[in-house]
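Inspection log for the structure reproduced underneath, given as structure tokens.
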Protein chains: 2
Amino acid sequence: MSINNKPASRVRRSPEASRSNILSAAESLLVAQGPQSLRLADVAKAAGVANATVLHHFGSIDAVQKALMERMIADLVESIMAVDVPLDDPAAAREVALRTLFDAFETRGAARLAAWLELTDETSRLTLVREAVQEVAQKKMANANLPAELVEDLILLSVTLAVGVGLFGPTLGRLIGKPPERARELTLQMLLANLERLSL
Amino acid sequence: MSINNKPASRVRRSPEASRSNILSAAESLLVAQGPQSLRLADVAKAAGVANATVLHHFGSIDAVQKALMERMIADLVESIMAVDVPLDDPAAAREVALRTLFDAFETRGAARLAAWLELTDETSRLTLVREAVQEVAQKKMANANLPAELVEDLILLSVTLAVGVGLFGPTLGRLIGKPPERARELTLQMLLANLERLSL
DNA sequence: TTATTTATTGACATTTTTGTCAGTAACGTT
DNA sequence: AACGTTACTGACAAAAATGTCAATAAATAA
């Protein structure tokens with residue numbers, strides 16, 4: 001029997017890089033397997049570090065989850081606010097904006113994030129979202145001269161529907177023998193038709 | 001110091017009644033506090049029985065959760081299929097049907113059920129739903145002479161949106177300073193307008 | 001009444017998950 | 001090269017959650 005002489009080499013990251021590495025691993029777990037798999041051992045393993053490392057950086061597994069929520073919300077808001085819609089072509093602008101939104105919710109895990117927040121009663125962390133909504137409403141108000149109220153309604157409607165479509169659309173579609181993207185297409189079609197009618 | 005002489009009286013239910021009691025308690029927990037509170041001790045306490053009683057009837061806490069999923073799905077399908085829509089008045093029929101659906105998802109916990117199923121990868125339990133969808137599509141096809149394909153699309157769309165509205169509508173509405181039912185109203189308005197246009 | 005069945009339970013055992021700690025090793029500074 | 005800081009780790013402790021079991025008591029049958 002040979003004696004194990006591993007050099008015991010280590011990766012040493014900056015605190016921020018390490019936190020980020022851990023959160024990214026946790027995010028993958030969340031999207032792929034759901035919140036119940038966000039256990040200390042699982043997250044650590046996915047991140048390729050020891051359990052104690054996770055605790056060193058976050059203090060508790062609970063804090064990891066909270067931090068993940070915050071980061072995912074921030075990323076989501078940022079990625080959506082960053083989309084530049086063609087200002088000269090309203091129809092194209094609507095479509096680009098909505099497709100980006102629905103894509104974020106369906107393929108980037110935002111719908112799962114929303115469901116997770118809701119089921120764990122952590123919706124108080126959504127202040128960033130409120131600010132983003134208000135910012136967009138203001139801007140639209142200034143640019144297109146639309147009442148902020150109306151824009152808010154539009155966002156409320158779109159985001160709510162995007163949650164449903166992103167979370168359950170593919171599953172329900174497949175269940176009844178339709179392509180997974182069917183629910184999204186139907187929803188977008190309907191939304192776009194209505195926006196056109198209201199010329200938003 | 002007095003010696004404790006509790007009579008040790010017990011409630012003794014039929015197996016079915018006991019199972020039902022436990023599942024109802026679990027359902028309340030799920031709706032009020034989310035799936036992560038479906039722990040053995042919590043469920044037993046909410047049901048007013050000992051931990052061992054729960055295990056006696058279900059074998060494991062996991063089995064309790066599975067049974068709860070099944071029961072909630074069955075209840076949901078049944079309550080929705082039981083609605084009788086006014087056959088003579090298409091417009092009224094549409095509205096009644098959709099309001100019932102959205103109500104089930106928003107206030108009766110169906111949206112939370114859907115999210116739970118999705119996040120725990122238990123969507124294979126939805127066969128009852130598939131059957132219900134096909135039954136409705138058949139019936140509609142016969143009654144109103146509409147292609148089953150189209151009816152299926154309509155159901156896919158409605159249910160998917162109901163999930164989003166039921167799960168996230170109230171929260172997002174409140175977040176941006178609107179009444180919690182705002183998202184539902186906007187969605188119903190839009191759906192009904194489109195159904196009218198397509199005369200479904 | 002007595003016997004039988006079994007839903008129910010507290011006490012205990014097991015497993016799972018989280019958290020602590022003292023020591024190790026990577027990296028920058030001197 | 002020596003030193004200080006601290007990210008990192010394995011081994012261990014603690015807590016939380018699940019599950020086992022023998023005994024108890026409520027219902028029904030004999």
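Below, read A as the first sequence line, B as the second, and so on, with proteins coming before strands; counting in each chain starts at 1. No experiment lies behind these values; they were computed from the predicted model shown.
For the side-chain hydrogen bond (donor to acceptor under 3.5 Å, both in side chains) condition, the pairs that include at least one residue of residues 54-65 of chain A, sequence neighbours left out, are A:S18-A:H57, A:D62-A:K66.
As a whole-Å value, the separation of B:L40 CG from C:dT14 C1' is 14 Å. Across the protein-nucleic acid pair, B:K45 atom NZ and D:dA17 atom P stand 12 Å apart, rounded to whole Å. Spacing between atom CG of B:L55 and atom P of C:dA7 amounts to 14 Å, rounded to whole angstrom units.
Within residues 22-32 of chain A, no residue has any heavy atom under 4.0 Å from DNA chain C. If you check residues 115-122 of chain B against DNA chain C, you find no residue with a heavy atom closer than 4.0 Å. A heavy atom lying under 4.0 Å from DNA chain D marks the following residues of residues 59-70 of chain B, by number: B:S60, B:I61.
Scanning for side chain to side chain donor-acceptor pair (under 3.5 Å) contacts around A:E118 gives B:T171, with sequence neighbours left out. For A:R182, the side-chain contact (heavy atoms from CB on, under 4.5 Å) criterion is met by A:K178, A:P179, A:L186, B:D153, B:L156, not counting sequence neighbours. Not counting sequence neighbours, B:Q138 has no partner by the side-chain contact (heavy atoms from CB on, under 4.5 Å) test. Here A:D75 pairs with A:R71 under the side-chain contact (heavy atoms from CB on, under 4.5 Å) rule; sequence neighbours left out. Taking the side chain to side chain donor-acceptor pair (under 3.5 Å) definition, one finds that A:R125 meets it with A:E70, A:E122, sequence neighbours left out.
In the hydrophobic clustering (ILVMFWY side chains linked at under 4.5 Å, chained through shared members), B:L119 is joined by A:L119.
Nearest heavy atoms, B:G169 versus B:A183: CA-CB, 3.8 Å. Closest of all the heavy-atom pairs between A:S158 and A:L98 is OG-CD2, 3.7 Å.
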Worked verdict on B:V163 versus B:F168 for side-chain contact (heavy atoms from CB on, under 4.5 Å): CA-CA 8 Å; B:V163 170; B:F168 213 56; over 6 Å; no
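Atom CZ of B:R184 sits about 14.0 Å away from atom CG of B:L161, to the nearest 0.5 Å.
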Pair up each side-chain donor or acceptor in residues 44-55 of chain B with any protein partner under 3.5 Å, not counting sequence neighbours, and list the distances.
none

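The environment of A:N145 atom CG is sparse: at most 12 non-hydrogen atoms of other residues, nucleotides or ligands sit within 6.0 angstrom.
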Base versus backbone protein contacts along nucleotides 5-16 of chain D [heavy-atom cut-off under 4.0 Å; B, S, -]: -BBBBB------
